[in-house]
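Below you'll find the structure, written out as structure tokens, and then a few comments.
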Amino acid sequence: MTHLRTIPVILISGLLLSACSSKTEKVAATTQDPAASSEKAAIPVKVSTLAKTKIARTIDYTATIIPFEEVNVAPSTPGRIDKIYVEVGDKVNKGDDLFLMDRTQLYQLKLQLSSLAKELSRLDTLLKSGSAKQQQYDQMKTQYDVTKTNVDFMEQNTLLKAPFYGVVTGKYYEDGEMYSGSPTTTTGRAAVVTVMQVNPLKVNVSISEQFYPMIKRGLKASVTADVYDNKVFTGYVFRVSPTVNSATRAFIAEIELPNSNDLLKPGMFVRVSMNLGEVETFVVPAANVLVQEGTNIRYVFIEENSIARRVEVTIGKRFDDQLEIISETLKTGSNLITEGQSRLINGDKIEVVK
């Protein structure tokens, strides 16, 4: 009886194992069979044909006004300051006295020079009469010339003068103090006073390399400052950097900014606008341009042989809800995807619908 009970159990177990094995094989066959998996369906999109539009090319940048020239005036050697003739805010003309250093050494050199001049004159008389040798005269002449050079140098480096018309923006010592040559300015340089040229002023603008061929010397620039509402100042490009920064892909254009009314000051924040004339470019609805998440990369999709191709673009001018897009890949006649682009990835199969 025990054997008879065991036989049905064995039969049932065998049937269950056979059914599970058959089901697993069917699932595996379905997974491995390419024909069984459905191919990804083409994504419906709408396109428009790209065409260039004429626009007035105006570029806008922000910048900070800087002095046209800035000089940290200091003597060549440390010493005691006798007198400082200027204060911060004083306007100076070229050649005005700024400060006087101790001249004790200069007075000693002048006495020495006077003595050498007399000795040289005496030797000149003796040389003409044949009572002195040419070598003696030449040695004295050399000594005189060296001392004369030292006197001239000390004259210039004890009484320091303004190098140009400007304003005193820094004074770092008082009368009677010792100038040590240690850094005193915010730029880490040694100076007794700082003079800035504030008419004209200067604006350095960092411009994208794509505009390099259009930025020329003499190009007009309109400058506005937030502190003066509705007032436009006019400047002109006077120097263009001969190189492009490889890290930023930008170059520096220096703008000379007249300031005869003294309204503008170094350090002011300004906005600079330059009109580069009319150009032909691609202008598309802003909704057609996508942004890669977490970056500042902008891109569009174009249709090529029913395949979506991603093209990175640079954004130019904005016109209400329209954007100028710049890319060497885009060509006139390319099919820009205008609807359905947000669902696409590069290489997706697409179907153009009307």
Side-chain angles (χ1 to χ4, degrees), residues 61-107 152-206 221 223-236 238-239 252-272:
Y61 290 93
T62 58
T64 301
I65 295 176
I66 59 177
F68 198 81
E69 285 189 70
E70 180 179 6
V71 175
N72 297 306
V73 186
S76 59
T77 56
R80 186 174 63 84
I81 302 170
D82 267 0
K83 179 70 175 175
I84 300 177
Y85 301 109
V86 294
E87 295 291 338
V88 173
D90 286 353
K91 291 183 178 179
V92 292
N93 292 310
K94 183 176 181 179
D96 285 356
D97 294 344
L98 296 177
F99 59 90
L100 177 69
M101 301 295 293
D102 178 72
R103 287 192 153 189
T104 301
Q105 188 178 357
L106 174 61
Y107 297 148
D152 293 342
F153 177 78
M154 289 297 292
E155 286 274 11
Q156 295 176 6
N157 282 276
T158 52
L159 180 58
L160 281 295
K161 299 178 180 291
F164 44 71
Y165 170 78
V167 62
V168 177
T169 58
K171 177 187 174 186
Y172 312 104
Y173 292 90
E174 297 297 333
D175 296 351
E177 290 187 326
M178 286 292 297
Y179 167 73
S180 63
S182 301
T184 51
T185 67
T186 55
T187 57
R189 297 179 181 179
V192 176
V193 297
T194 298
V195 180
M196 288 184 181
Q197 185 177 2
V198 294
N199 183 30
L201 290 164
K202 184 166 65 171
V203 179
N204 288 352
V205 183
S206 180
V223 179
T224 57
D226 290 352
V227 295
Y228 299 117
D229 293 336
N230 303 319
K231 190 169 183 62
V232 179
F233 303 88
T234 301
Y236 297 90
F238 74 95
R239 186 182 294 127
I252 299 296
E254 297 182 52
I255 298 170
E256 181 177 329
L257 189 60
N259 189 36
S260 57
N261 51 13
D262 204 28
L263 291 177
L264 299 172
K265 306 294 180 183
M268 277 187 175
F269 174 82
V270 292
R271 305 176 194 278
V272 181

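None of the values given here were measured: they were computed from a predicted structure.
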(message) Going by the rule salt bridge (Lys or Arg N to Asp or Glu O under 4.0 Å), which residues pair with K83 if we only count those two or more places apart in sequence or in a different chain?
(response)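 By the salt bridge (Lys or Arg N to Asp or Glu O under 4.0 Å) rule, K83 matches D175.
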Please round to the nearest 0.5 Å and tell me the distance separating atom [atom1] of [X] and atom [atom2] of [Y].
X	Y	atom1	atom2	value
E256	N199	CD	CG	9.0 Å
Y228	M268	OH	CE	4.0 Å
L106	D152	CG	CG	9.5 Å
N72	R189	CG	CZ	6.0 Å
F164	N93	CZ	CG	12.0 Å
R103	M154	CZ	CE	8.5 Å

(message) Does atom CZ (R80) have a neighbourhood of more than 12 heavy atoms from anything else shown, all under 6.0 Å?
(response)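 Yes, enclosed.
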(request) Please indicate whether E177 has more than 12 foreign heavy atoms, meaning atoms of other residues, nucleotides or ligands, lying under 6.0 Å from its CD. (result)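 Result for CD/E177: enclosed.
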Measure across [X] and [Y] and return the closest heavy-atom pair with its distance rounded to 0.1 Å.
X	Y	answer
A225	L264	CB-CD2, 4.3 Å
P67	L201	CA-CD2, 4.1 Å
P78	S180	CG-O, 3.7 Å
N204	A63	O-CB, 3.7 Å
Y165	K91	OH-CD, 3.8 Å
A74	A191	CB-CA, 3.9 Å

Please check: side-chain N/O of [X] versus main-chain N/O of [Y], any donor-acceptor pairing under 3.5 Å?
X	Y	value
Y179	M101	no
N259	V198	yes
N157	P75	no

(message) Restricting to side-chain hydrogen bond (donor to acceptor under 3.5 Å, both in side chains), what partner residues turn up for Y172, sequence neighbours left out?
(response)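 With sequence neighbours excluded, Y172 shows a side-chain hydrogen bond (donor to acceptor under 3.5 Å, both in side chains) to T194, given in chain and number order.
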(message) Taking the ring centre of each residue, are F238 and F68 less than 6.0 Å apart?
(response)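 Ring centres of F68 and F238 closer than 6.0 Å.
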(request) Decide, yes or no, whether a salt bridge links K171 with D90 under the criterion of side-chain N to carboxylate O below 4.0 Å. (result)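 Looking at D90 together with K171, the answer is no, because their closest N to O distance does not fall below 4.0 Å.
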Does [X] reach the side chain of [Y], with side-chain heavy atoms less than 4.5 Å apart?
X	Y	value
V92	V168	yes
L159	Y85	yes
I66	P266	no

(request) Determine the sole option in D226, T62, T224 for which the side chain to side chain donor-acceptor pair (under 3.5 Å) test with R271 is passed. (result)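 The option that passes is D226.
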